[in-house]
*Asks:* 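Okay, here's the structure, questions in a sec.
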2 protein chains.
Amino acid sequence: MKVQHYTDTPSAAVEEAPGVSVRWVISDKDGAPNFAMRVFDVAPGASTPYHQHPWEHEVFILQGQGVVKGEKQNRPFSEHFVVYIAPNEMHQFVNQGEGVLRFLCLIPHV
Amino acid sequence: MKVQHYTDTPSAAVEEAPGVSVRWVISDKDGAPNFAMRVFDVAPGASTPYHQHPWEHEVFILQGQGVVKGEKQNRPFSEHFVVYIAPNEMHQFVNQGEGVLRFLCLIPHV
């Protein structure tokens with residue numbers, strides 16, 4: 001059992017995304033057998049990369065607002081929205097608020 | 001891509017746990033291939049069952065406070081705590097606050 005505040009896990013800059021940082025709060029290092037939980041902070045005006053990959057995202061917005069850019073449309077979100085990105089789907093999280101955008105993003109071990 | 005507020009998913013009572021309800025906000029019904037995201041509400045004074053099972057829990061506390069009871073100890077938590085429960089580990093989430101305890105709990109498809 002692991003029980004701790006999410007800020008007890010150190011934050012690391014995301015190299016390919018200026019203004020974005022990540023905490024791997026549950027990972028294979030904890031013995032998690034299937035998937036990992038990360039907490040992302042996106043500074044005002046910043047974005048995650050517009051990209052795709054073979055694994056899914058399961059996302060919960062903790063604070064802030066913005067859009068998820070996809071191939072066909074931009075989908076707005078705000079606090080306590082849920083976002084599911086399917087495998088191989090193009091996506092980008094854009095902070096359009098005045099404060100930090102913070103969200104959980106879970107992925108399978110790859 | 002699915003983008004919606006978590007309350008857009010209907011809430012269901014958890015039969016074996018009075019005062020506990022759940023929303024399956026991302027599941028295999030959305031095409032998620034590996035794991036599911038649920039949002040639990042636990043009323044003041046209520047608890048999830050004290051039990052174990054072969055799958056893990058990856059939990060994020062959205063609001064409220066309480067303890068996770070295990071075989072060896074009770075671990076306190078409050079808002080924005082992360083909880084990892086390993087496969088086959090005994091556990092129970094107990095709401096010890098005055099308001100609703102709300103947390104995300106992700107599990108692999110079983």
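All values below were derived from every heavy atom in this structure, side-chain atoms included, with hydrogens, water molecules and symmetry-related copies excluded. Just so it is clear: chains get the letters A, B, ... in the order the sequence lines come, proteins before strands, and each one is counted from 1. Computed from a predicted structure; not experimentally measured.
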*Asks:* Same cluster or not: Phe40(A) versus Ile107(A), using hydrophobic residues (I, L, V, M, F, W, Y) connected whenever any side-chain heavy atoms lie under 4.5 Å apart?
*Replies:* yes
*Asks:* Where do Tyr6(B) and Phe60(A) land on the side-chain contact (heavy atoms from CB on, under 4.5 Å) test, with the steps shown first?
*Replies:* CA-CA 9 Å; Tyr6(B) 84 95; Phe60(A) 191 91; 3.9 Å; yes
*Asks:* Taking atom CZ of Phe81(B) and atom CG of Asp8(A), what is their separation to the nearest 0.5 Å?
*Replies:* 7.0 Å
*Asks:* Could you pull out the closest heavy-atom pair between Tyr84(B) and Pro33(A), with the gap in Å?
*Replies:* OH-CD, 3.4 Å
*Asks:* Please flag which part of Glu79(B) lies under 4.5 Å from any non-hydrogen atom of chain A: side chain, backbone, both or neither.
*Replies:* backbone
*Asks:* Please check if the number of heavy atoms outside Gln73(B) that lie under 6.0 Å from its CD is greater than 12.
*Replies:* yes
*Asks:* With respect to chain A, which residue among Met37(B), Lys72(B), His5(B) yields the maximal number of heavy-atom pairs within a distance under 4.5 Å?
*Replies:* His5(B)
*Asks:* Hey, quick one: are Val22(A) and Phe103(A) part of the same hydrophobic cluster, counting side-chain heavy atoms closer than 4.5 Å, chains of contacts allowed?
*Replies:* yes
*Asks:* If you tally heavy-atom pairs under 4.5 Å against chain A, which of Val82(B), Asn34(B), Val59(B), Ile61(B) wins?
*Replies:* Val82(B)
*Asks:* Can you say whether Pro76(A) sits under 4.5 Å from chain B via the side chain, the backbone, both, or neither, judging by heavy atoms?
*Replies:* backbone
*Asks:* Determine, step by step, whether Phe77(A) and Gln4(B) satisfy the side-chain contact (heavy atoms from CB on, under 4.5 Å) criterion, reporting the C-alpha distance in whole Å, the side-chain angles of both residues, the deciding distance to 0.1 Å, and the verdict.
*Replies:* CA-CA 7 Å; Phe77(A) 61 76; Gln4(B) 63 181 35; over 6 Å; no
*Asks:* Using the rule side chain to side chain contact (heavy atoms under 4.5 Å, CB included), only one of Leu104(B), Ile26(B), Asp30(B) pairs with Glu58(A); which is it?
*Replies:* Ile26(B)
*Asks:* Same hydrophobic cluster for Trp55(B) and Val14(B), using side-chain heavy-atom links shorter than 4.5 Å among ILVMFWY?
*Replies:* yes
*Asks:* For each of Thr9(B), Leu62(B), Val39(B), tally heavy-atom pairs with chain A at distances under 4.5 Å, and name the one with the top tally.
*Replies:* Leu62(B)
*Asks:* For Ala32(A), which atoms come within 4.5 Å of any heavy atom of chain B: side chain, backbone, both, or neither?
*Replies:* both
*Asks:* Applying a strict under-4.5 Å side-chain criterion to I, L, V, M, F, W and Y, I'd like to know whether Leu106(A) and Val110(A) cluster together.
*Replies:* no
*Asks:* Val3(B) and Arg75(A): which non-hydrogen atoms are nearest, and at how many Å?
*Replies:* O-NH2, 3.2 Å
*Asks:* More than 12 foreign heavy atoms under 6.0 Å from CD of Glu16(A): is that the case here?
*Replies:* yes
*Asks:* Identify the two heavy atoms, one from Lys69(B) and one from Met1(A), that lie closest to each other, and give their separation to 0.1 Å.
*Replies:* O-CE, 4.3 Å
*Asks:* What residue, out of Val83(B), Ile85(B), Val68(B), has the most heavy-atom pairs lying under 4.5 Å from chain A?
*Replies:* Val83(B)
